[in-house]
Amino acid sequence: MTSQATGSTVSCADPEAQTTLTVTAAREAILANINPILTTQRLALRDALGRVLAEEIVSPVDVPGHTNSAMDGYAIAGSDLPEQEYRDLALIGTAIAGMPFSQSCRPGECVRIMTGAPMPTGTDTVVMQEQVSLIDDRQVRIGKEHRSGQHVRQAGEDIAQGSVVLTPGKQLAPADLGVMASLGFSEVGVKRRPRVAFFSTGDELRSIGEPLSEGEVYDSNRYSLYGMLKRADVELLDLGIVKDDPEALKRAFLTAAEATDLVVTSGGVSVGEADYTKRILQQLGEIHFWKIAMKPGRPLTFGRLENSLFFGLPGNPVAVMVTFYQFVLPALHYLASGTPYLPFTLPAVSGFEIRKQPGRFEFIRGILSRQADGSLTVNSVGQQGSGILTSMSRGNCFILLPEPCDGVSSGDAVTVQPFSALV
Ligand code: AMP
Ligand code: MG
């Protein structure tokens with residue numbers, strides 16, 4: 001068993017050992033244990049928005065299907081462009097999108113053409129209407145400032161027939177629905193969504209709507225988790241609050257693992273409670289108890305419960321969110337799509353001093369804003385404790401301070417991860 005803070009390969013052979021891992025090593029160990037979902041289903045095009053494409057989309061047609069005008073103007077043969085000051089051409093008809101000009105255009109002739117209309121036979125160039133003078137309703141005068149072939153969209157210039165347009169694993173965005181519609185597809189094959197069960201553990205937890213006695217707190221984690229999971233577009237099974245009681249926990253773990261791909265819990269993995277949860281989990285699956293060199297969110301439990309992946313997140317409300325975003329979200333992404341998760345980050349300038357010891361990865365909550373000169377500055381949300389959930393609510397990004405960083409001065413360059421990109 002390796003027990004190291006910097007290695008990138010992690011053995012999962014001995015779940016008993018308390019391994020300390022870097023954030024990167026933990027994420028890699030998690031991803032190495034995931035088999036992406038293979039089951040597919042066919043959906044109507046609109047229902048596929050946000051879903052993971054399961055098939056290669058090959059174009060059965062050229063898009064655009066015919067060479068057409070990019071402008072309102074006059075279609076001519078490029079060879080008719082004047083070499084001298086101007087040339088007068090005979091106007092022989094009109095081409096409108098959906099109403100093509102069906103005859104041929106011969107040398108010395110032109111056709112009035114609207115945007116999107118197919119180019120009449122014999123033409124290959126469009127002169128914008130603003131750049132011609134009408135001599136009368138049968139003759140058009142064209143100047144010399146033109147280029148043969150201008151303002152024409154070639155058939156297949158967007159998508160050529162037989163070309164691969166979309167590849168499996170892509171999360172379908174609005175433009176993808178439009179692209180598939182432009183090819184005439186009414187249905188598409190997508191991956192089944194991950195099914196995720198989640199619950200909170202703790203004797204002190206109460207559900208909203210119940211009165212609080214001394215020492216009790218409302219279960220807020222299940223709401224943050226719900227929000228993050230909902231955004232991740234998974235099928236949800238909310239199993240509520242489970243007491244710190246071996247039998248109740250065992251039952252909850254088994255119910256959660258049944259027919260789900262992934263189980264997430266919060267609480268019960270900190271020192272003291274860990275031993276207790278550990279015993280139950282180890283009876284049910286192959287579970288690893290990690291200390292991660294990070295703040296917030298040091299303890300993390302990861303493994304397999306029957307056929308489900310299992311994440312036991314810390315109980316502290318900020319730690320839950322940080323560990324979800326750094327570990328569960330990449331896992332869900334890979335599970336759903338089979339493609340690597342690439343975190344979206346931005347460079348910014350820190351507007352404040354941040355004290356930090358080297359050795360662990362810190363996720364500071366910040367407020368990112370754009371300055372008048374276009375640069376990005378990140379400022380403090382104030383209190384940063386792992387129980388201060390309002391820091392996540394006030395903030396709009398994590399300031400990422402990797403292990404070697406030994407603090408930040410006001411004006412220093414930092415890397416931020418916007419919450420809005422965490423989906
Ligand atoms: P634990 O990891 O169970 O030791 O919990 C650490 C801290 O987080 C304690 O202060 C708990 O009361 C708090 N906590 C645990 N679970 C929740 C929850 N679901 N909602 C709000 N606070 C929680
Ligand atoms: Mg607890």
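Everything numeric in this text was worked out from a predicted model, so none of it was measured. Just so you know, ligand 1 is whichever comes first in the structure, and atom 1 is the first atom listed for that ligand.
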Where the side chain of Asp412 meets the backbone of Ser350, is there a donor-acceptor pair that is under 3.5 Å apart?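 Flag not set: sc Asp412 to bb Ser350 has no pair under 3.5 Å.
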
Heavy-atom donor-acceptor pair, Ser386 side chain to Val318 backbone, under 3.5 Å: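 Between the backbone of Val318 and the side chain of Ser386 there is no qualifying donor-acceptor contact (under 3.5 Å).
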
Nearest protein heavy-atom contact for [atom]: which residue, which atom, what distance?
atom: atom 20 (N) of ligand 1; value: Ser220 N, 3.1 Å
atom: atom 9 (C) of ligand 1; value: Glu204 OE2, 4.2 Å
atom: atom 3 (O) of ligand 1; value: Glu273 OE1, 2.7 Å
atom: atom 16 (N) of ligand 1; value: Asn221 ND2, 3.4 Å
atom: atom 22 (N) of ligand 1; value: Pro317 CG, 4.0 Å
atom: atom 10 (O) of ligand 1; value: Asn316 OD1, 4.3 Å
atom: atom 4 (O) of ligand 1; value: Ser270 OG, 2.8 Å

Can you sort out which atoms of ligand 1 are near [X], meaning under 4.0 Å from one of its heavy atoms?
X: Leu205; value: 16 (N), 17 (C), 18 (C), 19 (N), 20 (N), 23 (C)
X: Tyr218; value: 20 (N), 21 (C)
X: Gly267; value: 2 (O), 3 (O)

Consider every N or O of Gly315 and every N or O of ligand 1, then say whether any pair is closer than 3.5 Å.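 Min N/O separation from ligand 1 is below 3.5 Å for Gly315.
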
Close N or O approach (Asp219, ligand 1; < 3.5 Å):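 Yes: some nitrogen or oxygen of Asp219 is under 3.5 Å from one in ligand 1.
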
Given the ring of Phe398, does Arg365 sit roughly above its face, with NZ or CZ under 6.0 Å from the centre of the six-membered ring and within 45° of the axis?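 So Arg365 doesn't make the cation-pi contact.
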
State which residue, out of Phe253, Phe198, Phe327, Phe302, fulfils the ring-ring contact (aromatic ring centres under 6.0 Å, His included) condition with Phe310.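 The single option meeting the ring-ring contact (aromatic ring centres under 6.0 Å, His included) with Phe310 is Phe253.
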
Report yes or no: do Ser308 and Thr260 form a side-chain donor-acceptor pair below 3.5 Å?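 Yes, side-chain donor-acceptor contact under 3.5 Å.
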
Does the side chain of Asp72 pick up a donor-acceptor pair with the side chain of Thr115 at under 3.5 Å?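 Yes, because at least one side-chain N or O of Asp72 sits under 3.5 Å from a partner of the opposite role on Thr115.
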
Return the OG to NZ distance between Ser337 and Lys191, rounded to the nearest 0.5 Å.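 Ser337 atom OG to Lys191 atom NZ measures 6.5 Å (nearest 0.5 Å).
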
Under 4.0 angstrom from ligand 1, any heavy atom of Gly268?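 The answer is yes: ligand 1 sits under 4.0 Å from a heavy atom of Gly268.
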
Carboxylate-amine/guanidinium proximity below 4.0 Å for Lys356 and Glu362: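 So Lys356 does not pair with Glu362 through a salt bridge.
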
Carboxylate-amine/guanidinium contact Arg304 Glu286, below 4.0 Å: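 Between Glu286 and Arg304 there is no salt bridge, as every charged N stays at least 4.0 Å from the carboxylate O atoms.
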
Please work out whether any backbone atom (N, CA, C, O) or any side-chain heavy atom from C-beta onward of Ser200 is under 4.0 Å from ligand 1, and answer side chain, backbone, both or neither.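 Side chain only.
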
